[in-house]
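What follows is one structure encoded as structure tokens, with my remarks underneath.
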2 protein chains.
Amino acid sequence: MKYCSISEASAKFNIPESTLRYYEKKGLLPLIERDEAGRRLFSEDQIALLETVICLKNTHMPISGIKQYIDLVVEGDNTIELRLEMMKNHRQAVLAEISLMTESLKGIDVKITRYTNVPRKEK
Amino acid sequence: MKYCSISEASAKFNIPESTLRYYEKKGLLPLIERDEAGRRLFSEDQIALLETVICLKNTHMPISGIKQYIDLVVEGDNTIELRLEMMKNHRQAVLAEISLMTESLKGIDVKITRYTNVPRKEK
DNA sequence: TGTTGACTTAAACCATGGTTTAAGTCGTAT
DNA sequence: ATACGACTTAAACCATGGTTTAAGTCAACA
């Protein structure tokens, strides 16, 4: 296995090192190994987990929710049902949010149209 | 013109009264009239403006940005170009965010598929 | 050997977006 | 008259999601 340092992980995902440390402290990145000097070593599994964390973060799952999910992952295969439920629920929430944004975007487009077609002295 | 009270506005958009007061204080709802007793009166124009505020909020424009926009609206017709620019920029930001969410949703769907097809004792 | 750069920690700090509280003022129904 | 519900204010409070700071350790290079 290849390991990477915090600076490499930071560069890879374009996330500040401070944020990665914060995530670890919050339990989003458990089981991170250290070298003899106490420096974090991200295994490939950790990187994959980080990718999942980022995916959940991008879809606006709160940190507490991500932690719940990660805790289930760590707990092992007998939590797969629960994880499935979580992901299904989250999926619905994400779809709802995308719908709301898409709907609200229409209001913005109306303004763009209106402001574009303002033909001199007309409201 | 019809006017409505804060409780009516609150009910209409399903937004707490405290939030409406907060928005007014932040400059998102300027020029709100009062009755003799000092109570807010939302005119139809104010309600329309509030609808815009909500639309921008739903698409994650920060309060500072919404205030900028509202300030331009209040300033009058000579700011239409600027408003158009703002809305165009915001539109791009919203599209980018929707893209990111949609893309990240794929990662979630992969998990759902994986967890759904876990056929007994297989990783 | 010493100084530089990458890392560590805990704790303090910050911005954002509200929500809650406390104290008070009205208008109206009893 | 009074008591109730709807409203007002300013200020305090809160959660979320980080970021920054201060002080220290370590490896490697000059």
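Protein chains get the first letters and strands the later ones, always in sequence-line order, with residue 1 at the start of each. The analysis underlying the following values was restricted to heavy atoms, covering all of them including side chains, and did not include hydrogens, waters or symmetry mates.
As a whole-Å value, the separation of Asn14(B) CG from dG18(C) P is 14 Å. Atom P of nucleotide dG18(C) and atom CD1 of Ile66(B) are separated by 8 Å, given to the nearest angstrom. Counting to the nearest Å, the P atom of dG17(C) and the CG atom of Leu28(B) are 10 Å from each other. Between Ile6(B) atom CD1 and dT25(C) atom P there is a gap of 20 Å when expressed in whole angstrom units. Rounded to an integer number of Å, the gap from Ile63(B) CD1 to dG17(C) P is 5 Å. Between the OH atom of Tyr22(A) and the P atom of dT19(D) there is a distance of 9 Å, given to the nearest Å. Atom CD1 of Ile54(B) is separated from atom C1' of dG17(C) by 15 Å (rounded to the nearest Å). The separation between Asp35(B) atom CG and dT8(D) atom P is 8 Å, rounded to whole Å.
Comparing dC7(C), dC7(D), dG18(D) against the side chain of Arg39(A) picks out dC7(C) as the nearest. The side chain of Pro16(A) has dT19(D) as its nearest neighbour among dT8(C), dT19(D), dG17(D). The side chain of Arg21(B) approaches dT9(D) more closely than any other nucleotide in the set dT19(C), dG27(C), dT9(D).
The residue Glu36(A) sits apart from the nucleic acid: no heavy atom pair falls under 4.0 Å. Using a 4.0 Å heavy-atom criterion, one finds that Thr19(A) contacts the sugar-phosphate atoms exclusively. Within the 4.0 angstrom heavy-atom criterion, only backbone atoms of the sugar-phosphate kind lie near Ser5(A); the bases stay farther away. Contacts of Arg34(B) with the nucleic acid, taken as non-hydrogen atoms under 4.0 Å apart, involve only primed sugar atoms and P, OP1 or OP2.
Side-chain atoms of His60(A) and Glu97(B) include a donor-acceptor pair closer than 3.5 Å.
At the phosphate of dT9(D), OP1 or OP2 sits under 4.0 Å from a side-chain N or O atom of Arg40(B). Residue Ser7(B) places at least one side-chain N or O under 4.0 Å from the OP1 or OP2 atom of dC7(D).
Following chains of ILVMFWY side-chain contacts shorter than 4.5 Å, one can reach Leu95(A) starting from Leu105(A), so the two form part of one hydrophobic cluster.
One N or O on the side chain of Thr113(B) and one on the backbone of Asp109(B) form a donor-acceptor pair closer than 3.5 Å.
Annotation: of the two residues near DNA chain C, Pro62(B) and Gly38(A), the 5′-most nearest-nucleotide partner is Gly38(A). Each of Tyr23(A) and Leu41(B) was matched to the nucleotide of DNA chain D holding its nearest heavy atom; the match closer to the 5' end belongs to Leu41(B).
In summary, Glu51(A) and Lys57(A) do not engage in a salt bridge, as defined by a charged side-chain N under 4.0 Å from a carboxylate O. Classification of Glu8(A) and Lys12(A) as a salt-bridged pair fails, no side-chain N sitting under 4.0 Å from a carboxylate O.
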